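Numbered from 1 within each chain, the chains take letters A, B, ... in sequence-line order. As the structure is a prediction and not an experimental result, all values here were calculated from the model.
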Protein chains: 2
Amino acid sequence: MRPAALDWSVENCTIARAMAILGERWTLVVLREVFNGVRRFDDMRVRTGIPRQVLTNRLAMLVEQGVLRRVPYREPGSRMRHEYRLTDKGLDLWPVLVAVLGWGDRYLADPDGSPLTVTHRDCDAEVRVAMRCAEGHEVTEPRDVLPRPGPGARRRS
Amino acid sequence: MRPAALDWSVENCTIARAMAILGERWTLVVLREVFNGVRRFDDMRVRTGIPRQVLTNRLAMLVEQGVLRRVPYREPGSRMRHEYRLTDKGLDLWPVLVAVLGWGDRYLADPDGSPLTVTHRDCDAEVRVAMRCAEGHEVTEPRDVLPRPGPGARRRS
DNA sequence: AGGCTAGGTCTGATTGACAGACTCAGCAAC
DNA sequence: GTTGCTGAGTCTGTCAATCAGACCTAGCCT
């Protein structure tokens with residue numbers, strides 16, 4: 001009855017590491033904005049209501065983590081400024097964002113539905129995440145997924 | 001050049017709502033434990049190093065949100081206790097967890113690999129998330145995904 | 001010179017995380 | 001029946017993060 005997981009260390013858990021970045025209160029909200037094409041400090045601040053200080057910190061952290069990069073730009077008649085764009089590491093967060101969106105839409109949306117959808121560039125149809133195993137089977141039942149120690153697992157001391 | 005997203009309100013954004021639950025620093029780590037079969041307070045605490053108070057709060061919040069439920073149990077020779085199990089709403093977080101795990105494994109793992117994998121119950125092969133559109137196309141390139149206002153979108157005042 | 005704007009800093013109050021000690025109920029061993 | 005153990009907490013004090021609101025600053029425009 002004792003769960004097998006108890007024998008394994010979590011010190012190098014990649015979920016914990018990912019959540020140290022993504023789990024900060026506003027991080028995914030900032031990323032949602034960037035994925036939406038909102039790349040400038042004040043646009044984000046006005047839309048999200050994030051306090052300036054916090055937004056400054058989040059953006060700096062995301063740049064430091066290599067999820068965003070600061071890109072200089074200049075609009076005619078304005079001085080040089082910076083905007084924030086996704087790096088490849090950042091773009092690879094699409095599945096995370098779509099997964100969170102899917103769950104939120106299912107359980108937390110208003111009756112009139114979600115304010116945001118994501119679509120496929122080619123055919124304009126809605127995009128969702130699916131779970132699939134390496135053998136190509138579609139995994140639709142959450143209970144068909146089993147966790148197990150991976151290659152980097154360490155026994156607990 | 002002005003992003004279209006600026007015209008739309010975010011007040012009912014389901015990502016923000018989901019992150020209000022999942023975005024607390026330890027929430028996904030707690031859920032990782034439960035998905036791993038670790039269901040008891042002290043087991044979680046010892047494995048994760050979460051402060052007691054915080055773990056108490058997280059568990060209570062997750063129960064209140066309907067992600068976990070408290071189930072009484074009794075081991076022979078012990079008094080009645082409670083353990084925490086996933087509800088259906090909780091089980092539907094598998095794709096979120098797998099997505100975060102996939103990203104973490106790719107960018108944050110130690111050289112020897114991830115300490116945790118997830119497998120398909122039927123064939124034992126590794127499970128990953130994929131993005132797929134309603135037309136059945138596999139979406140492999142992050143740049144092929146486009147956000148757009150959904151049915152519940154509201155114009156900004 | 002004065003004003004506007006984007007993108008910040010600075011300051012002080014409130015909230016949350018954290019560590020460590022304490023509590024409490026029930027079972028067990030003496 | 002007292003003592004001790006164990007799982008699941010609560011209490012307390014410290015320290016860091018969040019938040020709201022005011023202030024600052026570089027460059028452009030009039």
Side-chain angles (χ1 to χ4, degrees), chain A residues 1-3 5-6 10-11 16-17 19-30 33-34 37-65 68-85, chain B residues 1-3 5-6 10-11 16 19-31 33-34 37-65 68-85:
Chain A
M1 206 53 208
R2 189 165 175 285
L6 290 182
V10 291
E11 110 222 45
R17 290 185 190 171
M19 288 315 286
I21 299 175
L22 307 178
E24 301 271 349
R25 173 74 199 288
W26 293 108
T27 305
L28 269 218
V29 173
V30 169
E33 294 301 306
V34 182
V38 179
R39 303 205 172 95
R40 299 184 192 173
F41 190 92
D42 254 39
D43 288 343
M44 293 185 204
R45 204 181 56 74
V46 169
R47 277 169 55 79
T48 62
I50 303 175
R52 287 161 173 284
Q53 188 93 262
V54 177
L55 182 54
T56 303
N57 293 350
R58 279 305 149 272
L59 288 171
M61 184 272 284
L62 287 169
V63 168
E64 189 188 342
Q65 295 293 332
L68 299 180
R69 63 204 153 100
R70 284 179 112 223
V71 179
Y73 73 95
R74 130 171 282 156
E75 285 197 341
S78 282
R79 76 173 195 271
M80 239 256 291
R81 301 192 180 287
H82 294 270
E83 61 179 15
Y84 296 88
R85 287 169 177 265
Chain B
M1 205 55 207
R2 188 165 176 286
L6 290 182
V10 292
E11 109 221 45
M19 288 314 288
I21 300 175
L22 307 178
E24 300 272 348
R25 172 74 198 287
W26 292 107
T27 305
L28 268 220
V29 173
V30 169
L31 289 175
E33 294 302 305
V34 182
V38 178
R39 304 205 172 95
R40 299 182 191 174
F41 190 92
D42 254 38
D43 288 342
M44 292 185 206
R45 204 182 55 74
V46 169
R47 277 170 54 80
T48 61
I50 303 175
R52 289 158 175 285
Q53 188 93 260
V54 177
L55 182 54
T56 303
N57 293 350
R58 280 307 149 271
L59 288 171
M61 184 272 282
L62 287 169
V63 168
E64 189 187 342
Q65 296 293 331
L68 299 180
R69 63 204 154 101
R70 284 179 112 223
V71 179
Y73 73 96
R74 129 171 282 157
E75 286 197 340
S78 283
R79 74 172 195 273
M80 240 256 292
R81 299 189 181 291
H82 294 270
E83 60 179 15
Y84 296 88
R85 286 168 179 266

Compare the minimum distances between each of C:dT9, C:dC18, C:dG7 and the side chain of A:R81, then state the nucleotide with the smallest one.
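Output: C:dG7.
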Which nucleotide wins on minimum distance to the side chain of A:N57, given the candidates D:dC19, D:dT18, D:dG7?
D:dT18
B:T27 side chain vs B:G23 backbone, donor-acceptor pair below 3.5 Å
no
Indicate whether OP1 or OP2 belonging to [N] is found under 4.0 Å from a side-chain N or O atom of [X].
X	N	value
B:W26	C:dC18	yes
A:R74	D:dC28	yes
B:Y73	D:dG7	no

Rounded interatomic separation in angstrom, taking [atom1] from [X] and [atom2] from [N]:
X	N	atom1	atom2	result
B:R39	D:dG7	CZ	P	17 Å
A:L55	C:dA6	CG	C1'	12 Å
B:M80	D:dG7	CE	P	17 Å
A:Y84	C:dA6	OH	C1'	11 Å
B:Q53	C:dC18	CD	P	12 Å
A:E83	C:dA6	CD	C1'	13 Å

Assuming nearest nucleotide by heavy-atom distance, tell me which of B:R52 and A:I50 is located more 5' along DNA chain D.
B:R52
Dump the intermediate steps for side chain to side chain donor-acceptor pair (under 3.5 Å) on B:Y73 and B:R85, then the final yes or no.
CA-CA 12 Å; B:Y73 73 96; B:R85 286 168 179 266; over 6 Å; no
